[in-house]
Each structure stands twice: as C-alpha cells, then as structure tokens.
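Sequence lines set the chain letters: A, B, ... in the order given, protein chains first and strands last, and positions in each chain run from 1. Note that the structure is predicted; figures quoted are calculated from it, not measured.
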Amino acid sequence: MPEGPEVRLASDYINHICCNVIFSGQIVKSDVSKNPSITFAAPFYTITGQSRGKELLLTLKEADANNGNSEEMNHRVKKECDSRLEMRILFGFGMSGSFSVTDSDNIPKHSHLRFYAHNKSSMVLNFVDPRRFGTWRVTNNWSPNRGPDAAFEYELFCNNIASHLNASLFNKPICEVLLDQKYFNGIGNYLRAEILYRAGIPPFTMARNVFDPSTSQSKNKSKKNNSKPKQETKMSNAVKIEGGIENNKVLSLCRDLQLELIGLRAESWHGSFDEEATARFGSWLQCYCKPEMKNLVDNIGRTIWFLVVCPLIDKKSRMTGSRKKKSDDVKEDLPKNQAKGKRGTDKKSGTKGKKKEDITPIKKPRKRIKVEDPDFQESSKNSEPKGISKGSTRVLRSRKNSSKKGNT
DNA sequence: CGTCGATTCTTGCT
DNA sequence: AAGAATCGACG
C-alpha cells in the first residue's frame, strides 16, 4: 500500500530514469482502466515528477526530438517567453499503484497508462496498478482537500494541524485522525501504526490530547474541565502549541519515519522492490503486522496494529523506549469479547441498501470502545473525555493475527 | 449543514 | 486487505 515514502520514491525514480529522455507518440491507456485517456498535443516531450503526500504529479513538457528546441517550438518560445506546451497529470496510487520503466516488449501485466520514449527506443514509462484503485486526472494542482506533505513541508504540515485543533475531527482517536488526508497527507495504515508505537501513544487516545498538552493535562488532574493547567511540562510532547508544535512527538515522527524509509529504500530502488528491499522494509517495521502486536478494526473500518501495554507495568520503561521484551509486554488485557468476532457488516451481508433496522436486531451486542475507553487504554489517567461525541462507538473487532509480507 | 455509517471499486494472495 | 469517493440517513 503506497504511502508517502513510496510515492516520493516513485517520483525520484521517474526523475532519475526519465532525465534526458524524450517521449513521443500517443499516451496509451489500457482498455480496462476507467481513468481518462490522455492526449498531449506536443510531438515530443519530457517527463518529470513531484510528490506531495500520497499524490504524484507528472509534468509533461514539450521538447524537441533531439532534446533541443525545434524551430517551430523555438519560434513560439522566443515570441512569448516560454510557451512550450505543458500538461500535468495528478496520480493517486490507490492501494497498488506504482511506476515502472520497462522495455516495450515487456509491458507489465497491469500497466494502465504508458508513455513511450522516443530517443531511447523501446523504453516505456508505465503506471502499473493491479487492483485499479489508482486514479489520474489532468490538473495543475494538488487536490485541495489534502494537506501539506509531512516530510517535505513540515512547517506547513504542523501549522495546518495547529490551526485546526478545535475542529471536531480532533475529538476522535488519534489512530483514526492520522489517516485523515486533509491533515496527514501521506500517512497510511502502516505508518500510523509505526508512528503511534514509537511515540508510545495508545491508538485510541483523543487526538486533541496528543497535540494540545493543555487539554490532556487538565484531564489528568480532575474530571472537571475547569482550570487551565499550569504544569504542562511533564510529557515529552507537552509543548505549547504556539511555541513549538513542530516538536510534538507524533508530528515529528510523521516526518522522520518517512524520511527514514526513503533513505532506507532509495539505495535499492529500481522501480519495484526487490527481495532485499522488501526484507529490509519488513525488518524496519516494529509494529505493523508483527505477530507480537495486537490489532483491532477501528471506527473507520481499518485495522490498527498496536502494542497493548499492561497498566501495571512500570510506565517509565515505556516512556524511555526500552521496550525490549515485547512478548512480555503484550498482555492479554483486552476485554475478552473483543478478541473474537467476525466482520458483521461486510458488503455481502445481504443488506446492502437496506435500512439499519434490518440488521440491528440481528447483531448481538458487543463491547464497544469509545475514545480513550478506560477498559482499553492503559492510561486511565487520560480517560473521561468530556467533549467526546458519543457517536464514535463502533464495534471494534480484532483481526486474525496473520503476518503478511509488508510489501507495497 | 455536519457527521456517520454503509457501500463501491478491484484483484491478488492466504 | 488496501485508499478514497460517494450516498443516504439523521439531527
């Protein structure tokens, strides 16, 4: 599942491979893809890429067949500054999108958009997407409903969050907020697990408490949400919003883990992940899909992987990050009835399009977990969320703890 | 209007 | 199982 780092690597890959390559001819779309056909008027063009979060923007720019300027183009360029034809295509990778450069005789099976090189015969840039959740469209801009890139626009990224902390979204569990691309563009399911695990934050902590220490501290002291806390310097992330939200642990991890992964995989990046790169990624993961971790399906239906911490265990050992004996840390302290339970609302449950009343009676009551449920959180100190909308009560089920390969 | 839940898309891998 | 758009219900 491509997340920020994979998209960035794809962009780097394109720029690396397509540097000095002239493309020409029709841009070919597969028959099965429902994405738009692309017609670019320039007979010859170059391709460059940029990434922002999970989006990749390709820029096609008119060029001469010899990488110089054609007479006709030269004429226009001189006349009006730079009027070379240009087109941008914005890609979303969905869950299986990637770019790969291949020989024209070896087009990947699920290549859905192809750019043919002109001066390097038989070279093709493919957008490959087996599961076809990927999208593309012609536009010059990033999607307006997606936020800045956490790794490469860190200031903007932090400010976007700090200035919207009062939004109701931040009443939700941090694990769910981390998937909201309006604020966390580039974060996906494996990154959220790694971020929260390394920050030592329980996944269902109210998001606002993670970013605004004043709110979380007030919770600690008393159930009354009255006084503004004065001692807000205990937690590692207890930083004044005004002064330095960029020092917040979760936010800096959003940046640093992505940069780490980009560095980790850049060396062996050849368009697709070879065995070694895949293995390295797997060993980089500390939480996601790890057999010693727990997982649950959250309120938005996504599986969150996390470390369950026994409340009786010395908290300092966690705060300092010395969590070596993982298997010992993981206690079976989840409520019993959470540990099983099948998916009750799959799409094929035979109730598609039906009213809720049809299915509610059938469902047997299960343990529900709200934000910062004291039964669930190791930190009952943070419980008693005053402003929590009672709405976020979805049945949380655990997934089978099957270890998958952490491919992308 | 804002929020929430359900549904849809799609296919490869257990 | 994944990411994201869309739709209807609800208050």
**Student:** Quick check for you: among dA4(C), dG12(B), dC9(B), whose closest atom lies nearest to any side-chain atom of Gln181(A)?
**Tutor:**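 Comparing dA4(C), dG12(B), dC9(B) against the side chain of Gln181(A), the answer is dA4(C).
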**Student:** Considering only side-chain heavy atoms of Lys109(A), which listed nucleotide, dC4(B), dA4(C), dG12(B), is closest?
**Tutor:**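 Nucleotide nearest to Lys109(A)'s side chain: dG12(B).
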**Student:** Are Tyr190(A) and Phe281(A) close enough that their ring centres sit under 6.0 Å apart?
**Tutor:**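 Tyr190(A) vs Phe281(A): aromatic centres under 6.0 Å.
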**Student:** For dG12(B), take OP1 and OP2 only and decide whether either is under 4.0 Å from a side-chain N or O of His110(A).
**Tutor:**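 True: His110(A) side-chain N/O within range (under 4.0 Å) of dG12(B) OP1/OP2.
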**Student:** Taking atom P of dG12(B) as reference, at what distance in whole Å does atom CZ of Phe133(A) sit?
**Tutor:**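 Between P of dG12(B) and CZ of Phe133(A): 12 Å.
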**Student:** Do Asn299(A) and Pro173(A) have side chains that approach each other closer than 4.5 Å (heavy atoms only, starting at C-beta)?
**Tutor:**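 Yes, their side chains come closer than 4.5 Å.
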**Student:** In whole angstrom, what separates Trp142(A)'s CH2 from dA4(C)'s P?
**Tutor:**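 Nearest whole value for this atom pair: 14 Å.
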**Student:** Of the candidate nucleotides dG12(B), dC9(B), dA4(C), which contains the atom at the shortest distance from the side chain of Arg146(A)?
**Tutor:**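 So the side chain of Arg146(A) is nearest to dA4(C).
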**Student:** Can you run down the salt bridge (charged side-chain N to carboxylate O under 4.0 Å, His left out) pairs that involve residues 143-171 of chain A, sequence neighbours left out, and say none if there aren't any?
**Tutor:**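 Pairs touching residues 143-171 of chain A that pass the test: Arg52(A)-Glu153(A).
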**Student:** Send over the distance from Asp298(A) CG to dG5(B) P, rounded to a whole Å.
**Tutor:**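 After rounding, the gap between these two atoms is 11 Å.
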**Student:** Below 4.0 angstrom from OP1 or OP2 of dA5(C), is there any side-chain N or O of Asn145(A)?
**Tutor:**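 Yes, within the criterion.
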**Student:** Between dA4(C) atom C1' and Lys182(A) atom NZ, what is the distance in whole Å?
**Tutor:**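 My rounded result for the distance is 15 Å.
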**Student:** Could you check how far CG of Leu296(A) sits from C1' of dA1(C), rounded to whole Å?
**Tutor:**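 Spelled out: CG on Leu296(A) to C1' on dA1(C) is 16 Å.
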**Student:** What contact category does Asp180(A) fall into here, base, sugar-phosphate, or nothing, at under 4.0 angstrom with non-hydrogen atoms?
**Tutor:**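 Since no nucleic acid heavy atom lies under 4.0 Å of Asp180(A), the category is nothing.
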**Student:** With distance as the sole test, does Asp129(A) use its side chain to make a donor-acceptor pair with the main-chain N or O of Gly134(A) at under 3.5 Å?
**Tutor:**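 Answer holds: yes.
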**Student:** How long is the line joining CG of Asn35(A) and C1' of dT10(B), in whole Å?
**Tutor:**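 In whole Å, dT10(B) C1' and Asn35(A) CG are 13 Å from each other.
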**Student:** Rounded off to whole Å, could you give me the CG-to-C1' distance for the Leu179(A) and dA1(C) pair?
**Tutor:**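 So the CG-C1' distance, Leu179(A) to dA1(C), works out to 14 Å.
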**Student:** Under 3.5 Å, is there a donor-acceptor pair between the side chain of Glu3(A) and the main chain of Leu191(A)?
**Tutor:**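 At least one qualifying donor-acceptor pair exists.
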**Student:** Here's a test of your reading of the structure: between Arg131(A) and Lys54(A), which maps to the more 5' nucleotide of DNA chain C?
**Tutor:**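 The answer here is Arg131(A).
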**Student:** Which sits closer to the 5' end of DNA chain C, Asn189(A) or Ser143(A), going by the nucleotide each is nearest to?
**Tutor:**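 Its nearest nucleotide being more 5', the pick is Asn189(A).
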**Student:** Choosing from dC4(B), dT3(B), dC9(B), which nucleotide comes nearest the side chain of Ser168(A)?
**Tutor:**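 The closest nucleotide is dT3(B).
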**Student:** Measure the distance from CD on Glu176(A) to P on dG5(B) and round it to the nearest whole Å.
**Tutor:**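 Going from CD in Glu176(A) over to P in dG5(B) covers 9 Å.
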**Student:** By the 4.0 Å heavy-atom rule, please label Thr135(A) as base, sugar-phosphate, or nothing.
**Tutor:**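 It contacts nothing in the nucleic acid.
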